[in-house]
Amino acid sequence: MILARRKEEVRAQVGALRKSGERLALVPTMGFLHEGHLSLIRRGRELADRVAVSIFVNPAQFGAGEDLDRYPRDLEGDLEKCRQEGVWMVYAPSDPSEVYPPGYGTWVDVESPLAQGLCGESRPGHFRGVATVVLKLFHLFEPEVAVFGKKDYQQLAVVRKMAEDLDLRLRIEGGETVREPDGLALSSRNAYLSAEERIRATSLFRGLSRAGERFAAGERQATALLEAAREIIAPSVDRIDYLELVDARSLTPVEEVREKACLLVAAFVGKTRLIDNLELG
Ligand code: PAF
């Protein structure tokens, strides 16, 4: 497996790969890899001949007072996991200045309504940082396909929109959320949770599932579905950041589920902000 710490190394390797005619899948990550990431890598392997993984805790997508400094990191462990998954190349920039050199000044601002609500509202500037780094990675790797987790439902929609708006020639693939046996969605941020918080964190999935059961039983009204989720989530978490039922394509709130919809939640358990979602219909 190739470990590239500089973009020149990536360009050289990708150039050689292009000559061999092989198809490339890119899995962008911030590292501290778990089964969720590995499932994206496996999806990439199904869709292309080679898989590249980027590992970069992107400062541009963290707001002031967020967890940039304590975001979990384990490069050695990540490399071992990538080796075991047959990853072709890992790009782990040696320093943030490798991605944002002094004087860096170009940003991708996704003005679409897709990026305005939900995490876009709670974390101003977040999607600007995500879109910028993702576009830079797309330019560097020129992959045929890029795989993102559906747990970050809004991020996936924003990246898809950026790819469409900027005429990028690649397929954006969404990988299913991987869960612990008790339903907690895998996330690198789960590492922050104490044993007691870890138990409370399962309320996100339990709440979404309760709403899912109500939907399966025929309930279509947003107020009832949201209330079903809130009844379980609210008592267990420290604060609900948002709990919304939105149209799955536009991500705008719906009052009644007619087309495919998605229930999305962000909540703080202790100081840890967790997100999860459930597609309906
Ligand atoms: O989902 C993530 O881990 C990050 O937002 C991404 C897509 C790697 C961009 O930094």
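Order of listing sets the numbers, starting from 1, for every ligand and every atom in it. Worth saying up front: this structure is predicted, and the values here are computed from it rather than measured.
- Distances below 4.0 Å separate heavy atoms of Thr29 from the following atoms of ligand 1: 8 (C).
- Nearest to atom 3 (O) of ligand 1 among the protein's heavy atoms is Met30 CG, 3.5 Å.
- For the pair Arg220 and Phe215, the cation sits on the ring face: its NZ or CZ lies under 6.0 Å from the ring centre, inside 45° of the axis.
- Protein heavy atom in closest approach to atom 9 (C) of ligand 1: Gln61 OE1, 3.3 Å.
- A salt bridge is absent between Lys7 and Glu98; no separation between the charged side-chain nitrogens and carboxylate oxygens falls under 4.0 Å.
- Ion pairing between Asp276 and Lys150 fails under the 4.0 Å rule for side-chain N and carboxylate O.
- Atoms of ligand 1 found under 4.0 Å from any heavy atom of Gln155 (numbered from 1 in listed order, with element): 1 (O), 2 (C), 4 (C), 5 (O), 7 (C).
- Residues Glu85 and Arg83 are not paired through a salt bridge, judged by the lack of any N-O separation under 4.0 Å between the basic side chain and the carboxylate.
- Of all the atoms in ligand 1, the ones that sit under 4.0 Å from a non-hydrogen atom of Val133 are 9 (C), 10 (O).
- In summary, the atoms of ligand 1 found under 4.0 Å from a heavy atom of Pro28, numbered by their order in the structure, are 8 (C).
- Through direct or relayed side-chain contacts under 4.5 Å between Ile, Leu, Val, Met, Phe, Trp and Tyr, Tyr71 connects to Met30, Val57, Phe62, Leu68, Tyr192.
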